[in-house]
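Here the structure is laid out as structure tokens; the discussion comes afterwards.
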Amino acid sequence: MKLNIAVLSGDGIGPEVTNQAIKALEAVADRFNHFFTFKEALIGAIAIEKTGSPLPDKTLELCSTTDAILFGAIGATKYDNDPIAKIRPEQGLLKLRKALGLYANIRPIKAYDSILKRSPLRSRITKGIDITIYRELTGGIYFGEQHLSDDGTVASDLCQYSQLEIERIAHMAFKDAQKRRKKLTLVDKANVLESSRLWRRVISDMASQYSDVEVKYMFADNAASQLLKKPSQFDVILTDNMFGDILSEAASVIGGSIGILPSASLGDNFCMFDPYHSSYNRATGKGIANPIAAILSAAMLLEHFDLHEEAQSIKTAVEKALELNLTTPDLNKEKPFTTEKIGDFIGDYIQEPQEGNINYYNIYMGQSTII
């Protein structure tokens, strides 16, 4: 297969971890005889500095003419500390999602046996956890009308949803639930928000189309608590933009590190794949950023194009790295490995899985055989 992939590395650790995802994809292409091309473009703070825009026209044009987007991270401390800045890195990502119609954000939460002890939660709570969160991505409060009074003392943000916006992501979530454990939980605040009550009505009406899926409803505050108390009760979680953002961050502690969690943003015509984590600017250039989330995002990219064996080769390599404790300081404080060496190991393991333990030794000794 031939795929043209737009690479938007972004800010902070974005370029470092994205480079490792590219290594994994190149290894897949070599082993399975595919042809992937990568074209880079600017987004976020680096784009503001170079062009004055967080999403330059050239970047949007590239993204709209390629098969998939591999995204890193955006954000910079100077903008985080400036609440009155009119142009912000995050605007580039929001604009990109809206322009390409990337309305469904899919966020898997998986607990790996080899790193259960790294989670702040007890192993008996996290063992075997496999959850997927479907977060609506182009509607709700993040895209609603914003207003600030003339004297700057009163502000408002409109949370607005249409039936169509809810239905299109709900169909995705229901279909995924059918392939998994046939359980879907809608998370909302229908006790106080009219927009949430619309979500409930729409999902209730749709449930008859997916009679084999058990549907439950849960308020967002309770869901945040239950994710940490008893995550095993969840299979597929469906929710709106803001609640999905918050719940994903809460759920990230289950696996032990946000640095291992990938995501996909899908629409009817375009797709983007990126790690959960932020730009983590204080780690930039230090080689301590965990690349596994970016690498697993590359696996999600392959799955999107029905390259399931290829995607599994990446997942297997990641699991091997975790099993061998070949990880960055977030998971291995005693003898951490660099971002680049982890990428090297995973890329090599994809191509030669039977040589994994030998290459682990070589890399540990600083003698990597990676090409």
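We count residues from 1, following the sequence as given.
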>> If you compare all heavy atoms of P56 against all heavy atoms of T51, which two are closest, and at what distance to 0.1 Å?
In response: CG-OG1, 3.5 Å
> Which heavy atom of G256 sits nearest a heavy atom of L331, and at what distance?
Replying inline: O-CD2, 4.0 Å
Answer yes or no: does atom [atom1] of [X] have more than 12 heavy-atom neighbours from other residues, nucleotides or ligands under 6.0 Å?
X: N33; atom1: CG; value: no
X: E145; atom1: CD; value: no
X: E61; atom1: CD; value: no
X: D150; atom1: CG; value: no

>> Quick one, S196 with F219, criterion side-chain contact (heavy atoms from CB on, under 4.5 Å). Give me CA distance, side-chain angles, the key distance, then yes/no.
In response: CA-CA 10 Å; S196 284; F219 295 144; over 6 Å; no
>> I203 vs V215, test: side-chain contact (heavy atoms from CB on, under 4.5 Å). Steps then yes/no.
In response: CA-CA 9 Å; I203 300 308; V215 179; 4.1 Å; yes
A side-chain contact here means heavy atoms from C-beta on lying under 4.5 Å apart; do [X] and [Y] qualify?
X: F273; Y: L266; result: yes
X: Q20; Y: K23; result: yes
X: L307; Y: H34; result: yes
X: M218; Y: L186; result: no
X: L261; Y: R107; result: no
X: T327; Y: P336; result: no
X: I288; Y: T338; result: no
X: L301; Y: C271; result: no

If we ignore hydrogens and angles and just use 3.5 Å, is the side chain of [X] paired with the main-chain N or O of [Y] as donor and acceptor?
X: S252; Y: E249; answer: yes
X: Q146; Y: I141; answer: no
X: D11; Y: S279; answer: no
X: N332; Y: N325; answer: yes
X: T316; Y: S313; answer: no
X: E90; Y: G75; answer: no
X: T65; Y: L62; answer: yes

Check ring pair (Phe, Tyr, Trp, His ring centres under 6.0 Å) between [X] and all other residues, then give those that pass, not counting sequence neighbours.
X: H308; answer: none
X: F143; answer: none
X: Y280; answer: none

> Hydrophobic cluster mates of F71, side-chain heavy atoms under 4.5 angstrom, ILVMFWY only, any path?
Replying inline: L8, I43, L55, L60, I69, I74, L93, L96, L100, L102, F270, M272
>> With a 4.0 Å cut-off on N to O distance, would you call K320 and E323 a salt bridge?
In response: yes
>> Check this for me: does any side-chain nitrogen of one of E49 and K78 sit under 4.0 Å from a carboxylate oxygen of the other?
In response: yes
>> Suppose the criterion is salt bridge (charged side-chain N to carboxylate O under 4.0 Å, His left out): which pairs have a residue in residues 278-303, not counting sequence neighbours?
In response: E303-K315
>> Show every side chain to side chain donor-acceptor pair (under 3.5 Å) that has at least one partner inside residues 109-125, sequence neighbours left out.
In response: D113-K127
>> Please list all pairs meeting side chain to side chain donor-acceptor pair (under 3.5 Å) that have one or both residues in residues 163-179, counting only residues at least two apart or in different chains.
In response: Y134-D176, T138-R168, S162-E165, Q163-E167, H171-Y210, Q178-D212
To the nearest 0.5 Å, how far apart are [atom1] in [X] and [atom2] in [Y]?
X: L25; Y: L3; atom1: CG; atom2: CG; value: 9.0 Å
X: T126; Y: L116; atom1: OG1; atom2: CG; value: 4.5 Å
X: N105; Y: D245; atom1: CG; atom2: CG; value: 8.5 Å
X: F305; Y: E310; atom1: CZ; atom2: CD; value: 12.5 Å
X: I350; Y: F32; atom1: CD1; atom2: CZ; value: 8.5 Å
X: K2; Y: T37; atom1: NZ; atom2: OG1; value: 9.5 Å

> Under the salt bridge (Lys or Arg N to Asp or Glu O under 4.0 Å) test, which residues partner D221, sequence neighbours left out?
Replying inline: K189
> Who passes salt bridge (Lys or Arg N to Asp or Glu O under 4.0 Å) against R97, sequence neighbours left out?
Replying inline: none
> Is there a path of hydrophobic side-chain contacts, each under 4.5 Å between heavy atoms of I, L, V, M, F, W or Y residues, that connects V17 with L322?
Replying inline: no
Donor-acceptor contacts under 3.5 Å from residues 233-241 side chains, at least two apart:
{"residue": "Q233", "atom": "NE2", "partner": "Q226", "partner atom": "OE1", "Å": "2.9"}
{"residue": "Q233", "atom": "NE2", "partner": "K230", "partner atom": "O", "Å": "2.9"}
{"residue": "D235", "atom": "OD1", "partner": "R180", "partner atom": "NE", "Å": "2.8"}
{"residue": "D235", "atom": "OD1", "partner": "R180", "partner atom": "NH2", "Å": "2.9"}
{"residue": "D235", "atom": "OD2", "partner": "R181", "partner atom": "N", "Å": "2.9"}
{"residue": "D235", "atom": "OD2", "partner": "K182", "partner atom": "N", "Å": "3.3"}
{"residue": "D235", "atom": "OD2", "partner": "K183", "partner atom": "N", "Å": "3.4"}
{"residue": "T239", "atom": "OG1", "partner": "V187", "partner atom": "O", "Å": "2.8"}
{"residue": "D240", "atom": "OD1", "partner": "M242", "partner atom": "N", "Å": "3.4"}
{"residue": "D240", "atom": "OD1", "partner": "F243", "partner atom": "N", "Å": "2.9"}
{"residue": "N241", "atom": "OD1", "partner": "R135", "partner atom": "NE", "Å": "3.0"}
{"residue": "N241", "atom": "OD1", "partner": "R135", "partner atom": "NH2", "Å": "2.8"}
{"residue": "N241", "atom": "ND2", "partner": "L137", "partner atom": "O", "Å": "3.2"}
{"residue": "N241", "atom": "ND2", "partner": "G139", "partner atom": "O", "Å": "3.0"}

>> Please evaluate residues D157 and Y142 with respect to the criterion side chain to side chain donor-acceptor pair (under 3.5 Å), reporting the C-alpha separation (whole Å), side-chain torsions for both, the decisive distance (0.1 Å), and the verdict.
In response: CA-CA 8 Å; D157 298 273; Y142 291 170; over 6 Å; no
>> If we count only N and O atoms by modelled type, under 3.5 Å, do the side chains of S297 and D274 hold a donor and an acceptor together?
In response: no
> Can you find a side-chain donor-acceptor pair between S265 and Y103 that sits under 3.5 Å?
Replying inline: no
> In chain order, what residues pass the side chain to side chain contact (heavy atoms under 4.5 Å, CB included) check against K50, with sequence neighbours excluded?
Replying inline: L42, I46
> Among all residues two or more places apart in sequence or in another chain, which pass the side chain to side chain contact (heavy atoms under 4.5 Å, CB included) test with A251?
Replying inline: I109, I133, L227, I254
>> If you apply the rule salt bridge (Lys or Arg N to Asp or Glu O under 4.0 Å), what do you find for R197 with E194, and how did you get there?
In response: CA-CA 5 Å; R197 287 190 279 273; E194 193 62 46; 3.1 Å; yes
